[in-house]
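To start, the structure under review is shown below, and the notes come after it.
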Protein chains: 2
Amino acid sequence: MQTIRVSIYEDNTKLRDLLELLIGKTEGFAVAGSHPDCRSVVGEIETDRPDVVIMDIDMPERSGIEGVRLIKEKHAEIRVLMHTVFDDDDKLFQCLSNGADGYLLKKDSSAQLVQAIKEVFEGGAPMSPGIAHRVLNAFRETIPAPKNEYRISEREQQVLELLSRGFSYRMIALEILISPETVKKHLKNIYQKLHVQCGPEAVAKAIRAKII
Amino acid sequence: MQTIRVSIYEDNTKLRDLLELLIGKTEGFAVAGSHPDCRSVVGEIETDRPDVVIMDIDMPERSGIEGVRLIKEKHAEIRVLMHTVFDDDDKLFQCLSNGADGYLLKKDSSAQLVQAIKEVFEGGAPMSPGIAHRVLNAFRETIPAPKNEYRISEREQQVLELLSRGFSYRMIALEILISPETVKKHLKNIYQKLHVQCGPEAVAKAIRAKII
DNA sequence: AGATCAATTCCCTATTTGGGTAATTATACT
DNA sequence: AGTATAATTACCCAAATAGGGAATTGATCT
């Protein structure tokens, strides 16, 4: 097995030394670099050429949240593992949407950290248990109902879709080759089915119900 | 530490026996029940009273995907750990949106399975590395822009929100105690900022940009 | 064969909407 | 102190919208 090159970003000197020691002494791992903040992260990464970056969040000058974004913008192939005391949703989601590949809490053991580095290097997404749970929950909310409980017909859905794109009745009529009056009738029926009384409300409801 | 009661759903007799043995012999775990399919899952769960369910997906009559939904509908507190050979996105997302708390591949070792049961029981969300990675990727796509790049003001956002709920200019005016003409002016500005020309389109764009 | 439903077209009428233009006030930022 | 920006109100006017009712055609289901 090849050696995994690891760069460390951690402002606490003691912890940084500890991490260096841990990674340096563990078979199969090597310290590629070790830095107290993200000020020069782009340059350092190009010098260090790490496989995996361990990234603290709360650092002076430039946070790890920015750090992970900067790294991923240039080097999407480098795996970034967040390592922090924060377990609030805000920071978590920011890191993930900036491209972090894993999220470990500092309270986890060093054995778990080593295991996580290995895992993230192999393409996994190691997360502390509570973190994984929160990601799942948030994720679940985003993929709920792909069904049409309002019995909107295909034609009606088509009209609604065009309406939401700024088409007037006339333009919709021209687009799908029917009379404007028919468009109007379709909208009337749609409003009835959705229990709304105007276009904007219908569009809002349709989008939230994933009809369009 | 209390004993973790585990129910097993697995149609392959050999594997089921193996799982029973593994869990029965491991300190801190007990087999609460063991079943070859989900036909009577609701009743079985009430008899077994497990803390954790290990759920295969591909079973005759009724799949584990339905199984997890049925369990979670009645007993949200029971932790369900999927255990399957499938690693396609479709089945994965179906299971997760049905409430699965973890997702392990059968190729993982039995030590990892035991560890995962413990983890899911303690509120974590154990996933095989590749699975976790896919969940993160899918998740990332859903939370891209939490910012307001259209520079919609607070007041404008408020007007837009009411519009999307079916309020006419007049009603909005009454609601927030301004003149209908001001409402109109706000909408005009909103349309400019969003590059749209009518209410329905503005609402659609605002919802998709997460402004409202 | 009759019923149901989606899709289609038409009429009438009142209200709403949107674009243009202009002006005042308050607040925030430089 | 001076300059943006947000919020506010107003007027004119053409076009769009929404609600009421009525009728025809074709497909699908019973």
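Lettering of chains follows the sequences in order, A, B, ..., and the numbering in each one begins at 1.
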>> In whole Å, I'd like the distance from the CG atom of A:Leu163 to the C1' atom of C:dT17.
In response: 13 Å
> Between A:Lys72 and A:Ile78, is there a donor-acceptor pair closer than 3.5 Å when you use the side chain of the first and the backbone of the second?
Replying inline: yes
>> On the six-membered ring of B:Tyr169, is B:Lys184 placed so that its NZ or CZ lies under 6.0 angstrom from the centre and within 45° of the ring axis?
In response: no
>> Nearest heavy atom decides the nucleotide; on that basis, is A:Phe167 or B:Glu154 closer to the 5' end of DNA chain D?
In response: B:Glu154
> Does the pair B:Asp11/B:Arg16 count as a salt bridge with the N-to-O cut at 4.0 Å?
Replying inline: no
> Would you call A:Arg5 and A:Asp51 a salt bridge, using N to O less than 4.0 angstrom?
Replying inline: no
> What integer distance in Å separates A:Met171:CE from D:dA15:C1'?
Replying inline: 13 Å
>> Quick check: on DNA chain C, is the nucleotide nearest A:Ile176 upstream (toward 5') of the one nearest B:Tyr169, or the reverse? Name the residue that is more 5'.
In response: A:Ile176
> A:Gln197 has an atom CD; how far is it from atom C1' of D:dA16, in whole Å?
Replying inline: 18 Å
>> Can you see if the side chain of A:Tyr191 gets near the phosphate of D:dA18 - specifically, an N or O under 4.0 Å from OP1 or OP2?
In response: yes
> With a 4.0 Å cut-off, would you call B:Arg69 and B:Glu73 a salt bridge?
Replying inline: yes
> Which of residues 179-189 of chain B have a heavy atom under 4.0 Å from DNA chain C?
Replying inline: B:Lys184, B:Lys185, B:Lys188
> Taking B:Glu156 for the side chain and B:Ser153 for the main chain, is one N or O donor matched with an acceptor at less than 3.5 Å?
Replying inline: yes
>> Using whole Å, what does the distance between atom P of nucleotide C:dG18 and atom NE2 of B:His195 come to?
In response: 17 Å
> A:Ile190 has an atom CD1; how far is it from atom C1' of C:dA6, in whole Å?
Replying inline: 12 Å
> Between atom CD in A:Gln192 and atom C1' in C:dA6, what is the gap in whole Å?
Replying inline: 15 Å
> What nucleotide, of D:dG19, C:dG18, D:dA16, holds the atom closest to the side chain of B:Cys198?
Replying inline: C:dG18
> For A:Leu194 and D:dA18, what is the distance between atoms CG and C1' respectively, to the nearest whole Å?
Replying inline: 15 Å
> For A:Ser153 and C:dA7, is the shortest distance between a side-chain N/O and OP1 or OP2 below 4.0 Å?
Replying inline: yes
>> Closest approach to the side chain of A:Arg155, judged atom by atom: which nucleotide of C:dT8, C:dT17, D:dT17 is it?
In response: C:dT8
>> Salt bridge check, A:Glu175 against A:Arg165: does any charged N sit closer than 4.0 Å to a carboxylate O?
In response: no
> Could you give the CD1-to-P distance, from A:Ile152 to C:dA6, as a whole number of Å?
Replying inline: 10 Å
